Amino acid sequence: MDNVYQTSLYKKYRGAVIIAIDLIIVFCSYVLVFLAGNNFFLNGGFLHFTKLIIFGMIFVLVLHLISELFFKQHKSLWTYTGPRDIIRSFYSFLFCVVIMSFFSHTMHVFKIQTFVAAECVAFVLQMGIRIAYRYMHSYLENVDRTTKALIIGAGNGGYLMLNEIYRNNKYPYHVIGFLDDFKSKGTIVSGKKVLGTIDEVSDIVEQYNVKQLFISITNATDAQKQRIIELCANTSCNTKIMRFSLENENEVSVDDISIEDLLNRHSIDLKTEEIGSYLENKVVCVTGAGGSIGSELCRQIVKFNPSKLIMVDINENSLYMLKQEFLRNQRNHIMNEKIEMESLIISIREREDIFKLMEKYHPEVVYHAAAHKHVPLMEDRPMEAIRNNVFGTKNVIDACMKYGVKRFIMISTDKAVNPTNVMGATKRMTELILQSRKCNGDIKMAAVRFGNVLGSNGSVIPIFKEQIKQGGPVTVTDYNIQRYFMTIPEAAQLVLQAGYYAQHREIFVLDMGKPVKILDLAEKMIRLAGKVPYKDIEIQEIGLRPGEKMFEELALEIEKCHKTDNNLIFVHERMDISQDDIDQKLKVLDDTIEKTDDIYEIKDILMKVIQ
């Protein structure tokens with residue numbers, strides 16, 4: 001308790017102590033200059049010396065106090081003293097010199113040579129004590145720095161990374177040097193040598209027994225970053241990457257290599273004016289708002305300033321946390337404070353509640369992301385998948401049509417293409433429902449298909465990370481299985497863009513890029529965690545799960561589609577589907593799940609009705 005009190009007391013008066021030290025240094029600097037030779041002062045003997053002490057030093061100290069507060073020197077942490085702190089101190093002293101130059105002609109206390117020399121001495125002493133404190137603090141810290149590290153990138157990012165390592169106890173590493181393609185071997189950066197090029201990383205890691213790599217390159221292209229990550233993955237060193245704040249390039253964080261880094265997804269060219277045209281000042285509703293896709297849709301939607309955002313989900317915890325996030329952003333002025341928000345605990349299976357929702361709020365745009373998505377779980381409970389995914393979606397569509405919703409966008413999946421599992425089949429059925437509705441022309445409806453999203457609930461990536469953290473084994477369903485991947489923000493942004501293109505119940509297909517072999521992904525993640533696949537961590541094949549495909553068929557679908565204005569969004573022509581026919585199939589489904597619990601019979605009927 002005493003230590004906590006002393007720490008809080010130190011923090012409270014720390015600024016005052018720094019100001020006192022700096023003013024003492026200034027006073028002593030002037031005394032030193034005087035002692036070095038009183039020829040710096042005007043002639044006049046004791047009278048002028050007394051005048052200097054009484055009037056001159058009071059003026060100088062008050063001026064330095066004002067300058068110290070204005071340039072916030074008392075707020076800087078000596079442990080982290082760097083170039084920016086030195087520059088700020090230089091401006092502070094320059095400010096004092098300029099002011100004193102003006103008053104030297106009016107007050108005639110001392111000559112210009114006097115205060116210039118004294119200010120130079122004070123500046124050197126102040127900076128010297130700060131730098132000495134920084135290095136003394138680094139030297140005395142109780143950190144075992146025997147583990148060798150290597151920084152990739154000897155530019156500004158590398159310099160920042162080096163400082164971050166040695167001033168932060170959570171990075172107990174000894175940096176042996178840098179690697180850089182644009183600086184010659186032997187070049188010294190902040191006391192550390194450039195040991196070679198990035199292509200030599202494997203040889204240098206082996207030569208110096210390096211265990212940790214830091215990627216700290218500020219201006220690398222996506223292709224260059226991908227190449228660097230691949231080279232690091234081949235070393236089996238633990239690898240971290242420095243990320244820079246978009247607002248301030250000197251604000252950094254050091255993170256593990258993410259799956260987004262590995263897959264090198266391209267940036268999206270969004271036409272924000274098109275998206276804004278149907279979202280700005282509109283009442284927007286998102287079902288499944290607490291899920292990974294639904295919540296990201298909400299985060300992207302609020303950037304376009306809707307008048308109201310209605311977030312609907314049956315999961316109270318995730319919905320509560322999402323609203324708290326938005327309220328916090330509004331308080332911090334990160335988000336438009338005028339956007340009204342409603343969080344509603346409603347199941348899409350409750351038809352009456354969905355209709356009441358639409359009647360009360362009259363949303364103009366509805367994004368339907370609510371659905372059961374876990375393939376193996378739906379294989380065990382197909383009746384649950386049908387009730388939620390199929391009839392829940394029908395409830396939302398019917399309510400939207402009745403209460404004048406202008407635009408309805410449904411999230412579908414690549415598993416709806418030639419479905420082999422219950423989840424995919426139910427999503428295909430929802431597409432058929434959407435395309436069969438007899439609209440009055442006022443509502444624009446569409447479905448958007450895409451594959452796996454990185455970091456979503458149930459995604460393989462978080463599972464791999466946890467398995468690696470636990471020491472393995474890492475499990476893959478099949479050594480040859482491939483999947484398409486897309487980041488959650490990327491998927492949400494493309495859904496918003498596709499929403500603009502929606503006209504007549506189209507099905508949009510997102511270009512997911514090239515499929516990724518899951519085994520390769522697992523091996524890379526293990527290596528980047530500093531482990532050796534099959535030696536430190538095993539990779540086991542456990543067999544395909546019920547209803548799981550070896551290869552998704554999104555690419556084949558794109559070949560049947562037409563391009564939109566966005567090269568990542570393709571569109572199917574609307575199929576001519578009879579609403580009466582689909583309604584009859586829905587009745588068959590409803591009767592089946594009401595009369596039997598036989599999952600095989602239910603699956604059989606489901607697969608037949610989507611043909």
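Note that the structure is predicted; figures quoted are calculated from it, not measured.
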With heavy-atom distances below 4.5 Å as the criterion, would you say the side chains of Glu384 and Arg349 are in contact?
yes

Evaluation steps, side chain to side chain contact (heavy atoms under 4.5 Å, CB included), between Arg449 and Val417
CA-CA 9 Å; Arg449 285 182 190 160; Val417 182; 3.5 Å; yes

Inter-residue atom distance Ile599.CD1 - Met378.CE, 0.5 Å rounding:
12.0 Å

Tell me, with the steps shown, if Asp604 and Lys608 meet salt bridge (charged side-chain N to carboxylate O under 4.0 Å, His left out).
CA-CA 6 Å; Asp604 183 58; Lys608 286 179 179 177; 3.2 Å; yes

Counting N and O atoms only, with roles assigned by atom type, does the side chain of Asp180 sit under 3.5 Å from a partner on the main chain of Ala154, one being a donor and the other an acceptor?
yes

For Glu206, does the CD atom sit with more than 12 other heavy atoms under 6.0 Å from it, leaving out its own atoms?
no

Under a plain distance cut-off of 3.5 Å, with no hydrogens placed, do Gln467 and Thr475 share a side-chain donor-acceptor pair?
yes

Donor-acceptor contact below 3.5 Å, side chain Lys192 vs main chain Val175
yes

Student check: side-chain heavy atoms of Tyr501 and Ile569 closer than 4.5 Å
yes

Approximate separation, where rounding is to 0.5 Å, of Asp203 CG and Gln207 CD
8.0 Å

So which heavy atom on Glu379 is nearest to which on Val422, and how close?
OE2-N, 2.6 Å

More than 12 heavy atoms of other groups within 6.0 Å of Tyr479 OH:
yes

Taking the side chain as every heavy atom from C-beta outward, state whether Asp511 and Phe570 have any atom pair closer than 4.5 Å.
yes

Can you check whether Glu523 reaches Leu519 side chain to side chain, under 4.5 Å on heavy atoms?
yes

Rounded to the nearest 0.5 Å, what's the gap from CG on Leu309 to NZ on Lys323? Could you check?
10.0 Å

Judged by modelled atom types alone, do Gln493 and Gln497 share a side-chain donor-acceptor pair under 3.5 Å?
no

Is Ile188 close to Lys193 at the side-chain level, that is, under 4.5 Å between some pair of heavy atoms?
yes

Check: Gln212 side chain, Asn238 main-chain N or O, donor-acceptor pair, under 3.5 Å:
yes

Identify the two heavy atoms, one from Gly294 and one from Val286, that lie closest to each other, and give their separation to 0.1 Å.
O-CG1, 3.9 Å

Reported NE2-to-NE2 distance for the pair His562 and His572, which is rounded to 0.5 angstrom
9.5 Å

How close do Met423 and Lys373 get, counting heavy atoms only, and between which atoms?
CE-O, 3.6 Å

Can you tell me if Asn332 uses its side chain to pair, donor with acceptor, with the backbone of Arg328 under 3.5 Å?
yes

So do Val495 and Phe450 actually touch side chain to side chain, heavy atoms under 4.5 Å?
yes

Scanning both residues in full, the closest heavy-atom pair of Pro533 with Ile526 reads N-CG2, 3.8 Å

Going from CG on Asp414 to CZ on Arg483, what distance comes out if it is rounded to the nearest 0.5 angstrom?
8.0 Å

More than 12 heavy atoms of other residues, nucleotides or ligands under 6.0 Å from CZ of Phe182: is that the case?
no

Here the pair of heavy atoms bringing Ile217 nearest to Ile152 is CG1-O, 3.5 Å

Has the side chain of Lys531 got a donor or acceptor atom that lies under 3.5 Å from a matching backbone atom of Gly471?
no

If you define the side chain from C-beta out and look only at heavy atoms, does anything of Phe214 sit under 4.5 Å from Glu164?
no

Atom CD of Glu538: over 12 foreign heavy atoms under 6.0 Å:
yes

Under the side-chain hydrogen bond (donor to acceptor under 3.5 Å, both in side chains) test against Thr426, which residue among Asn389, Asn421, Thr413 passes?
Asn389

Gap separating the CG atom of Leu432 from the CD atom of Gln611, nearest 0.5 angstrom
10.0 Å

Just so I know, are the side chains of Pro382 and Leu606 near enough to count as touching, which here means a heavy-atom distance under 4.5 Å?
no

Using only atom types and a distance under 3.5 Å, with no angle test, would you say the side chain of Thr287 pairs donor to acceptor with the backbone of Ala369?
yes

Using the rule given for side chain to side chain contact (heavy atoms under 4.5 Å, CB included), can you reason through Ile241 versus Lys225, listing the C-alpha separation, both sets of side-chain angles and the distance that settles it, and then say yes or no?
CA-CA 10 Å; Ile241 190 168; Lys225 186 169 73 170; 4.0 Å; yes

Test Asp199 against Arg227 for salt bridge (charged side-chain N to carboxylate O under 4.0 Å, His left out), laying out the working first.
CA-CA 9 Å; Asp199 286 327; Arg227 166 181 156 263; 2.9 Å; yes

Tell me the closest heavy-atom pair linking Leu510 and Ala491, and the distance in Å.
CD1-O, 4.3 Å

